[in-house]
Amino acid sequence: MDGAVLSREFFDGPVEEVAPALLGHVISHRTPEGEVAARLTEVEAYAGPLDPASHAYRGPTPRNEVMFGPPGHVYVYFTYGMHFCMNLVCGPDGTSMAVLLRAGEIISGEDVARARRPRSTVRDLARGPARLCQALGVAREQNGLDVCAPGGAMTVLRGEPADPALIRNGPRTGVNGAKEIPWRFWIEGDPTVSPYRPHVPRQRRKITTEG
DNA sequence: ATCATGATGTTCT
DNA sequence: GAACATCATGATG
């Protein structure tokens, strides 16, 4: 790792091309606790207004506004009442494409990541989108950060790009709409890639058939 | 290894 | 009110 930050132009393109191109590069986040870096092994592309699975499908809202801004910024959202997930915004300002970072291998700051996820094995530290955010210390406060600024708290560093022969793609994990769009990308054989789970509708908690 | 389930609260309708 | 780009845990093979 030579410390070079990926340029904003890298993110300023079609999301289905940027997403696989990110595999092998490195997301790094510095906090007072220390710096943690993860080599990306699994991502998903979301295509804005054309994509029923995208948070931007129904247009801008307070939550998704950074998706509509310039590329190279982080979109963080809160889900299931307890987890954060992070995306990198792609495409020109005014469009709303983004790449969900789903999994990675911790390559530096492992002690800090382990302190944040004390019950996790090393392999599972960033194996899943919410785990990745936890290991990196990413939450609401990081929403909107620019990852293309050298010296910034959060950056995407140039790593060894994944061998194209090892990149696989398939349907996105846990999404309801547009199940046929095969925009999950991962590095075949890497142990830190998360297990695929199809979408399951939540059953209603309370059933009041009696009384 | 797989499967089922509960936890939790924000966001949009 | 319903859905939600999930995870940890415990049961089972």
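Numbers restart at 1 for each chain; the letters A, B, ... are given by sequence-line order, proteins then strands.
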For DNA chain C, produce a single dot-bracket line, 5' to 3'. Pairs: Watson-Crick or G-U wobble, both distances under 3.5 Å. Symbols: ( ) within strand, [ ] crossing, | other strand, . unpaired. ||||.|||||||.
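Sorted by first and then second residue, the ring pair (Phe, Tyr, Trp, His ring centres under 6.0 Å) pairs with a member in residues 76-108 of chain A read His55(A)-Tyr77(A), Tyr75(A)-Tyr77(A), Phe78(A)-Phe84(A); sequence neighbours excluded. Listed by first then second residue, pairs satisfying salt bridge (Lys or Arg N to Asp or Glu O under 4.0 Å) with a partner in residues 69-79 of chain A number zero, not counting sequence neighbours. Listed by first and then second residue, the ring pair (Phe, Tyr, Trp, His ring centres under 6.0 Å) pairs involving residues 19-45 of chain A are Phe10(A)-His25(A) (not counting sequence neighbours). Under the side chain to side chain donor-acceptor pair (under 3.5 Å) criterion, the residue pairs touching residues 128-155 of chain A are Arg8(A)-Asp146(A), Arg117(A)-Gln134(A), with sequence neighbours excluded. Residue pairs meeting the salt bridge (Lys or Arg N to Asp or Glu O under 4.0 Å) criterion with at least one member in residues 10-27 of chain A, sequence neighbours excluded, do not occur.
Judged as a side chain to side chain contact (heavy atoms under 4.5 Å, CB included), and not counting sequence neighbours, the contacts of Ser54(A) are Tyr46(A), Asp51(A), Ala56(A), Met67(A). For Pro198(A), the side chain to side chain contact (heavy atoms under 4.5 Å, CB included) partners at least two apart in sequence or on another chain are Tyr196(A). Here Ala103(A) pairs with Thr41(A), Glu42(A) under the side chain to side chain contact (heavy atoms under 4.5 Å, CB included) rule; sequence neighbours left out.
Of the candidate nucleotides dT6(C), dA5(C), dA8(C), dA8(C) has the atom nearest to the side chain of Arg117(A).
Within a heavy-atom distance below 4.0 Å of DNA chain B, no residue of residues 94-106 of chain A is found. Using a 4.0 Å cutoff on non-hydrogen atoms, no part of residues 118-139 of chain A comes near DNA chain B.
Nucleic acid contact for Arg184(A): none, since no nucleic acid atom lies under 4.0 Å from a heavy atom of the residue. As judged by a 4.0 angstrom heavy-atom cut-off over every strand, His199(A) is placed among residues touching the sugar-phosphate backbone only. Nucleic acid contact class of Asn87(A) (heavy atoms, under 4.0 Å, all strands): base.
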Arg39(A)/Asp190(A) under salt bridge (charged side-chain N to carboxylate O under 4.0 Å, His left out): CA gap, chis, key distance, verdict: CA-CA 11 Å; Arg39(A) 167 183 163 264; Asp190(A) 192 294; 3.0 Å; yes
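Salt-bridge check for Arg116(A) with Glu33(A): passed, with a basic side-chain N closer than 4.0 Å to an acidic carboxylate O. Using a 4.0 Å cut-off between charged nitrogen and carboxylate oxygen, Arg114(A) and Asp111(A) do not count as a salt-bridge pair. A salt bridge does not link Arg172(A) to Glu44(A): none of the charged side-chain nitrogens sits closer than 4.0 Å to a carboxylate oxygen.
To the nearest 0.5 angstrom, Leu132(A) atom CG is 10.5 Å from Leu125(A) atom CG.
For the pair His83(A) and dA5(C), the criterion of a side-chain N or O lying under 4.0 Å from OP1 or OP2 is not met. OP1 or OP2 of dA5(C) has not a single side-chain nitrogen or oxygen of Arg197(A) nearer than 4.0 Å. Phosphate proximity of dC4(C) to Asn176(A): present, with a side-chain N or O under 4.0 Å from OP1 or OP2.
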What pairs of nitrogen or oxygen atoms, one from the protein and one from nucleotides 11-13 of chain B, lie under 3.5 Å apart?
residue: dC12(B); atom: OP1; partner: Thr61(A); partner atom: OG1; Å: 2.2

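Within 6.0 Å of the CD atom in Glu188(A), the count of heavy atoms belonging to other residues, nucleotides or ligands exceeds 12.
For the pair His55(A) NE2 and dC4(C) C1', the interatomic distance rounds to 8 Å; values are reported in whole Å. Atom-to-atom, OH of Tyr196(A) to P of dT2(B) comes out at 14 Å; the value is rounded to the nearest Å. What separates OH of Tyr80(A) from C1' of dT5(B) is a distance of 13 Å, to the nearest Å.
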